[in-house]
Trainee: 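Before anything else, here's the structure in question.
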Amino acid sequence: MAGCGSALCCCCPRCCGERESRTPEELTILGETHEEEDEILPRKDYESLDYDRCINDPYLEVLESMDNKKARRYEAVKWVMVFAIGVCTGLVGLFVDFFVRLFTQLKFRVVQNSVEECTEKGCLALSLLELLGFNLTFVFLASLLVLIQPVAAGSGIPEIKCYLNGVKVPGVVRLRTVVCKAMGVLFSVAGGLFVGKEGPMIHSGAVVGAGLPQFQSISLRKIQFNFPYFRSDRDKRDFVSAGAAAGVAAAFGAPIGGTLFSLEEGSSFWNQGLTWKVLFCSMAATFTLNFFRSGIQFGSWGSFQLPGLLNFGEFKCSESDKKCHLWTAVDLGFFILMGIVGGLLGATFNCLNKRLAKYRMRNVHPKPKLVRVLESLLVSLTTTVVVFVASMVLGECRQMSSTSHSGNGTLSSQSMSENVNSSIKTFFCPNETYNDMATLFFNPQESAILQLFHQDGTFSPVTLSLFFLLYFLLSCWTYGISVPSGLFVPSLLCGAAFGRLVANLLKSYIGLDHIYSGTFALIGAAAFLGGVVRMTISLTVILIESTNEITYGLPIMITLMVAKWTGDFFNKGIYDIHVNLRGVPLLEWETEVEMDKLRACDIMEPNLTYVYPHTRIQSLVSILRTTVHHAFPVVTENRGNEREFMKGNQLISNNIKFKKSSILTRAGEQRKRSQSMKSYPSSELRNMCDEHITTEEPPEKEDLLQQMLERRYTPYPNLYPDQSPSEEWTMEERFRPLTFHGLILRSQLVTLLVRGVCYSESQSSASQPRLSHAEMSEDYPRYPDIHDLDLTLLNPRMIVDVTPYMNPSPFAVSPNTHVSQVFNLFRTMGLRHLPVVNAVGEIVGIITRHNLTHEFLQARLRQHYQTI
């Protein structure tokens, strides 16, 4: 290959050949990716969630004991837990907001007093050192918290999106994660980085939703509660959906938008009952945060004036300006153009951030963790110097506006107006003027957004252009460093500056005096944010709820649609990009049309590792220790000389008897129905049943299905069920006909071994101990690892009957099923494994999440074209 001659390859031919033989996926994991164009394939080490119920004997016992009273109690407990998740998420938001406000006010008060004193004394360098001291200390603390729990870095939205899609990301919903996330984001925001606290709120809410109903934590192992409910991935994923929606509701005061966010961005499996619970959880989070923030800030408990962490305020024209309108039909044309520009800017932002992320994967992440802290400190140092110098040097003195909002508004609108006026900075400017650059840079980001939305005074076009450029580059550099960081607020602020710049240009150079600058700032914010994250439905509702102005619905929706279409022409959204960089096997909403040229047999994995209904312990241990599969088909072999086997080995005899009893025949089904009808108190039915039995019951030897199996039989080497799969098997041994009976999970097999569920060969399988559903799920969600278990006390010749614990009726597809049908079934039902079974009940392969990723399907489609 030509790659060995490039400067990027080592001189050693052996090493070069080894590197070329590795896949891009392996090179990414090892941190050795050198080409920007290298495709990062989905990794196979990610596990899927078990969203599908396992209908085995222990679960059926639970169903048998369930009545309406217990069902109503279970549903009531679920509603209570949903309400508790919303309240706790609101309290987490209150904690973050309180300390961010406290630290930020302390920092700006000290630095502003120093600037005012040093303006006359000429010691501005001292003011810069004070600002650096605050920011570097806060960012250092945020980086240390990420070192404790690395998954707490970033916004957490890509990880939660993966979890709701059905992928189990390690450590993403642990208690330690939410502690490091909540404390880290308040330090990173207070440290002056261009990050927001709204994205981490979504992650924090999801962690609360995952952990609270469990009443246990691996970080607090000594605290145990006997809480028998919600011990499955199915319930946990539903609560995570509610928690993520509550996080959005707490961040923006948008409960409906939070519900739609959880539906649009995350959950691939949804039902009607979950929608109502998620909305109720979002309302509880908004109510809790609103109640406490309004009381703490205004001293008026119960006033409910601050619904979310980010409040856009009230949009209205000044009463003195009769020509002003919030927006007109003519403005829609400008909004569409702004959507196009916002999509282009968002695509550029995503492209630059992707290159930065790849650079970090190659040069920062493989190095000691201290390097990540130093990178965060470098970003903080650069940001602080740029903010300070730009505020002092690049700002212009602008005339303060004499107009203000009417005094008969609500308490929140008056407070917002006062906040806008009080956040004006007058650095180096004479009386009745203000420094427009310092007003944007030397304020919290939320205050800067309010300035751009509602400040009646003007901002210089040069100031807005420089502010947009600096904020664009620094926020792009910041997103991805090892601190908890959100992207919503920086994108909104950057887009608001862009929209305000457009409004200024239209007023100054085109003479459109009727336009309202706040509307263009809002549309600019929506355009840029939509171009970065590519959200449509949920983001539209979030912005409408944040503005509390329903008339903005149409322009916001049009702008977001245009921005998404424009950005999608170049690349994916920022969250999808980071998901792909992690190699997570995320399933899209649907497959491409041309993928229907493939069938299930084209994408399935035919090389199976399976277990028998009755298997020796030594065989199970060998299978579990030599494979990494999380589910195993339970099968029996199709043999022609089964009677001879039944006379010999007792183990094989048990397996053959199980196969004969589990295969459904028309004669056997007719006998079952006839016996059922005999119990009916009607003499006519009894007589009719007797007639059917005497006239239509065929003899056992005429079983059609058994005849088909025997006709398909070909002589294969005899393999006893206590033998483990071997790499030395021939093709005939590896792909022998196997009758499929069900699926059993790795966690279930490990639980059976740990609890000694087995019987000896001299005994009947009925003597095997039975486990209840509570005992099977007691170790959830962290089941023991087979490599950590001491199984010396177990006799390796003992036999385990797995049939009571397997799922005898999993979803399955035919080998000829089209890929679109397979994909829809897998994604809609939240499956983890999908067996492929032929017309005579033989398993021929299995499909997992990895077989349905876009990259895998593309590779199979290329092979399909080559074989045509």
Side-chain angles (χ1 to χ4, degrees), residues 44 48 50 54 56 600-601 604-639 642 645 649 651-663 709 712-714 716-753 758 765 786 799-815 831-838 840-848 850-851:
K44 297 182 180 180
S48 295
D50 292 316
C54 180
N56 52 15
C601 57
M604 69 182 184
E605 174 55 53
N607 192 4
L608 302 175
T609 302
Y610 48 84
V611 298
Y612 296 92
H614 301 264
T615 309
R616 297 195 190 277
I617 287 181
Q618 64 179 12
S619 180
L620 289 180
V621 173
S622 176
I623 291 174
L624 292 173
R625 287 182 173 174
T626 56
T627 65
V628 294
H629 305 307
H630 294 278
F632 304 93
V634 181
V635 302
T636 52
E637 297 184 26
N638 296 336
R639 303 177 182 273
E642 290 179 344
F645 279 101
N649 191 292
L651 176 60
I652 298 181
S653 177
N654 287 344
N655 287 324
I656 295 176
K657 287 179 179 178
F658 173 78
K659 185 186 78 168
K660 287 183 174 295
S661 65
S662 62
I663 291 181
L709 292 175
R712 288 178 52 84
Y713 173 76
T714 55
Y716 291 101
N718 298 331
L719 179 70
Y720 286 87
D722 56 349
Q723 291 180 302
S724 302
S726 172
E727 294 294 334
E728 299 177 356
W729 283 1
T730 63
M731 186 68 69
E732 289 78 11
E733 291 174 325
R734 186 175 296 276
F735 297 99
R736 63 176 49 79
L738 302 169
T739 301
F740 178 68
H741 299 288
L743 277 178
I744 189 162
L745 301 178
R746 168 182 287 267
S747 59
Q748 294 171 330
L749 290 177
V750 172
T751 301
L752 296 179
L753 293 176
C758 55
S765 61
I786 187 65
I799 304 171
V800 178
D801 180 9
V802 302
T803 56
Y805 307 101
M806 71 179 184
N807 185 1
S809 55
F811 288 96
V813 294
S814 164
L831 304 182
R832 188 175 184 180
H833 308 90
L834 184 60
V836 182
V837 182
N838 63 16
V840 294
E842 296 172 351
I843 184 169
V844 296
I846 197 166
I847 295 174
T848 63
H850 179 77
N851 301 103

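Here, residue 1 is the first one in the sequence, and each next residue gets the next number. Values in this document were obtained by computation on a predicted structure and should not be read as measured data.
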Trainee: Not counting sequence neighbours, which residues clear side chain to side chain contact (heavy atoms under 4.5 Å, CB included) with Thr751? List them please.
Mentor: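 Result, side chain to side chain contact (heavy atoms under 4.5 Å, CB included) vs Thr751: Arg755, Leu771, Met776, Tyr783.
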Trainee: For Pro835, run the side-chain contact (heavy atoms from CB on, under 4.5 Å) check against Ile843, Leu608, Val813 and tell me which one passes.
Mentor: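 Answer after filtering Ile843, Leu608, Val813: Ile843.
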Trainee: With Ser814, which residues qualify under side chain to side chain contact (heavy atoms under 4.5 Å, CB included), at least two apart?
Mentor: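 Only Asn816, Thr817 meet the side chain to side chain contact (heavy atoms under 4.5 Å, CB included) criterion with Ser814.
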Trainee: Do Leu749 and Val802 touch side chain to side chain, with heavy atoms closer than 4.5 Å?
Mentor: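 The answer is yes, as the side chains (C-beta and beyond) meet within the 4.5 Å cut-off.
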Trainee: List in chain and number order the residues that pass side chain to side chain contact (heavy atoms under 4.5 Å, CB included) with Val844, two or more places apart in sequence or in another chain; answer none if no residue qualifies.
Mentor: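 For Val844, the residues satisfying side chain to side chain contact (heavy atoms under 4.5 Å, CB included) (neighbours in sequence not counted) are Met604, Pro815, Val836, Asn838.
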Trainee: Check whether any side-chain heavy atom of Thr848 lies under 4.5 Å from a side-chain heavy atom of His630, and answer yes or no.
Mentor: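 Result no, sub-4.5 Å side-chain heavy-atom pair not found.
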Trainee: Arg746: what forms a salt bridge (charged side-chain N to carboxylate O under 4.0 Å, His left out) with it, not counting sequence neighbours?
Mentor: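 Arg746 satisfies salt bridge (charged side-chain N to carboxylate O under 4.0 Å, His left out) with no residue once adjacent residues are dropped.
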Trainee: Check whether any side-chain heavy atom of Ile786 lies under 4.5 Å from a side-chain heavy atom of Leu753, and answer yes or no.
Mentor: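 They are in side-chain contact.
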Trainee: Are any side-chain N or O atoms of Ser619 and backbone N or O atoms of Arg616, one a donor and one an acceptor, separated by less than 3.5 Å?
Mentor: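 Answer holds: no.
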Trainee: With sequence neighbours left out, write down each residue that passes side-chain hydrogen bond (donor to acceptor under 3.5 Å, both in side chains) with Thr803, or none if nothing qualifies.
Mentor: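 Partners of Thr803 under the side-chain hydrogen bond (donor to acceptor under 3.5 Å, both in side chains) test: Asp801.
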Trainee: Please find the pair of heavy atoms, one from Phe740 and one from Val635, that lie closest to each other, and give the distance.
Mentor: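 For Phe740 versus Val635, the nearest heavy atoms are CA-CG1, 4.4 Å.
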Trainee: List the atom of Ala631, the atom of His833, and the distance in Å for their closest heavy-atom pair.
Mentor: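 Ala631 and His833 have their closest heavy atoms at CB-CE1, 3.2 Å.
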Trainee: Tell me the closest heavy-atom pair linking Phe632 and Ile623, and the distance in Å.
Mentor: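 Taking Phe632 first and Ile623 second, the nearest heavy atoms are CE2-CG2, 3.6 Å.
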Trainee: List the residues meeting side chain to side chain contact (heavy atoms under 4.5 Å, CB included) with Asn807, not counting sequence neighbours, and say none if there are none.
Mentor: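 So Asn807 forms a side chain to side chain contact (heavy atoms under 4.5 Å, CB included) with Asp52, Cys54, Ile55, Ser809, Pro810.
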